[in-house]
Amino acid sequence: MRSLLKLLLPALIPSWNFFDVIAPSPRVEYARLRSIGDPSGDWREFRPRPESLSPLDTFKRLAWNPRWNESLFLVSCAERLTDVPTAHSEDEIFKRIAADLRGEPEDAARPWLCFRLAFVSREADTVTSEVLFQPAPRRLAEIVVA
Amino acid sequence: MSLPDAVRLTETLLALALIQQSLEHLVRFENERRLFGARIILCGLVVAGVASPWPLVALAGLSLLILHRFQGPYNGGSDRMGLLALWCLTLAHLLPTPALQELAFGYLGAQLTLSYFISGGVKIVNPDWRSGRALADVFQFSAYPVAESLRGWAERSRVLLAMSWAVMGFELVFPLTLLWKPALIAGLVVAGTFHLANACLFGLNRFFWTWLAVYPAILWLQGRLVQ
């Protein structure tokens, strides 16, 4: 009950400090690995944004935007993982990557899945990226997607 | 607008906004389908005005399960405003006296005003916002721009400087619109356009619908305060 109140109170007594500072921004990257310690992973950004969006697609997204909103939820999970790491946030990211990969051809040689969180920020006039979190890999087939 | 009319309009708009959000959850995972399917049904009852206020009470209870499911709001500020509106509306129905009901609903209108004013305040004390650098950072490397082509806006320093001051200025003067109803209506049109731009540029469609849903609360509050 106390934990629920802790989740609800920030909504009932909001801070409204939207974009007060532009903090380092997380990117979720994933790789399929041969084994747990496999260093040869081909890291890819999870759901890279499109090069451009047509006015019609922009308009449609006003009413139907599930993938983007899910990506924003993963940004929240990524920020939570570097702030106060929890199994919940890690599970959510694994689950959502796994759900997308289930639609792709199987790669039996690389049964392990890992992700990492690269945080992009600006120092002076240079944009840099630093990996701040990388959990232990999990077997893709064993990740529950439900 | 009377209190019952304003509450009814707000709860209807909020229920429609929550239906829109909930539909987006039906396409992915089974455990989300159950939670958000139930929310759609309850929102339908709110829109239809059936068994009031119990569907709202049930939605407030369900909101706790959803908070637990995602260990917080699914989509940050927009979900927080939705939760605030839901709980204020529920209290506006359940509290025993008209004065307390007004207080609960007025709190929602006041928080809407603060959502703009505080957002402007925290920006203007930041030198990066005053120089336009912060907005350039949003376009250059934040997770929000919906397309890579928008990253190029980071180079338009003069435009971003003007946009930064326009946003901060609007947010800070917004409470003054409460003094005169036509000014408030004009302010809400500008604010709605601002949310629409955020939805188009940054994919924040939930903000657009949720904030719009709460506008009747501030219109009522203005009438109540400036009688």
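Reminder, nothing fancy here: chain letters follow the sequence lines and each chain counts from 1.
Contact of Val127(A) with chain B is made through the side chain alone, with heavy-atom distances under 4.5 Å. Heavy-atom distances place no part of Arg67(A) under 4.5 Å from chain B, backbone and side chain included. With a threshold of 4.5 angstrom between heavy atoms, Asn75(B) approaches chain A through side-chain atoms but not through N, CA, C or O. Contact of Tyr116(B) with chain A is not made at all, since no heavy-atom distance falls under 4.5 Å. Proximity to chain B (any heavy atom under 4.5 Å) is restricted, for Glu92(A), to the side chain, taken from C-beta onward. The parts of Pro10(A) that come within reach of chain B are both its backbone and its side chain, each placing non-hydrogen atoms under 4.5 angstrom from that chain. At a 4.5 Å heavy-atom cutoff, the contact between Trp64(A) and chain B is made by backbone and side-chain atoms alike. Neither the backbone nor the side chain of Asp91(A) comes within contact range of chain B; no heavy atoms are under 4.5 Å apart. Using a 4.5 Å cut-off between heavy atoms, Glu32(B) touches chain A through its side chain atoms alone. Contact of Phe141(B) with chain A is made through backbone and side chain together, with heavy-atom distances under 4.5 Å.
Note on Ser3(A), Pro14(A), Pro66(A), Ala63(A): by heavy-atom pairs under 4.5 Å with chain B, the leading option is Pro66(A). Here Asn69(A) is the residue among Asn69(A), Asn17(A), Leu12(A) with the most heavy-atom pairs under 4.5 Å with chain B. Each of Ser129(A), Ser76(A), Ala99(A) has some count of heavy-atom pairs under 4.5 Å with chain B, and the biggest count is that of Ala99(A). Options Pro50(A), Ser52(A), Ser89(A), Ala146(A) differ in how many heavy-atom pairs under 4.5 Å they form with chain B, and the most are formed by Ala146(A). Note: Ala134(B) leads Ala134(B), Pro73(B), Ala199(B) in heavy-atom pairs under 4.5 Å with chain A. Interface summary for chain B: among Leu53(A), Leu62(A), Val145(A), the most heavy-atom pairs under 4.5 angstrom belong to Leu62(A).
A cation-pi arrangement is present between Arg116(A) and Trp43(A) under the rule of less than 6.0 angstrom and at most 45 degrees off the ring axis.
Contact of the Val144(A) side chain with the Lys95(A) side chain is not registered, since no non-hydrogen atoms from C-beta on lie closer than 4.5 Å. Arg130(B) places none of its side-chain heavy atoms less than 4.5 Å from the side chain of Lys123(B).
Heavy atoms only, all atoms of each residue included: Ser115(B) and Trp211(B) are closest at OG-NE1, 3.2 Å.
If you look at Phe70(B) and His88(A), their ring centroids are not closer than 6.0 Å.
For the atom pair Thr10(B) OG1 and Leu212(B) CG, the distance stands at 11.5 Å (nearest 0.5 Å).
Other residues, nucleotides and ligands contribute at most 12 non-hydrogen atoms within 6.0 Å of the CZ atom of Arg44(A).
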Yes or no on ring-ring contact (aromatic ring centres under 6.0 Å, His included) for Phe202(B) and Phe139(B), after CA distance, side-chain angles and deciding distance? CA-CA 9 Å; Phe202(B) 304 133; Phe139(B) 280 102; 5.4 Å; yes
Determine, stepwise, if the pair Arg34(B) / Glu30(B) fulfils salt bridge (charged side-chain N to carboxylate O under 4.0 Å, His left out). CA-CA 7 Å; Arg34(B) 282 197 293 271; Glu30(B) 180 58 35; 3.6 Å; yes
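Using bins of under 30°, 30° to 60° and over 60° for the plane-to-plane angle, the ring pair Phe207(B)/His195(B) lands in the parallel bin.
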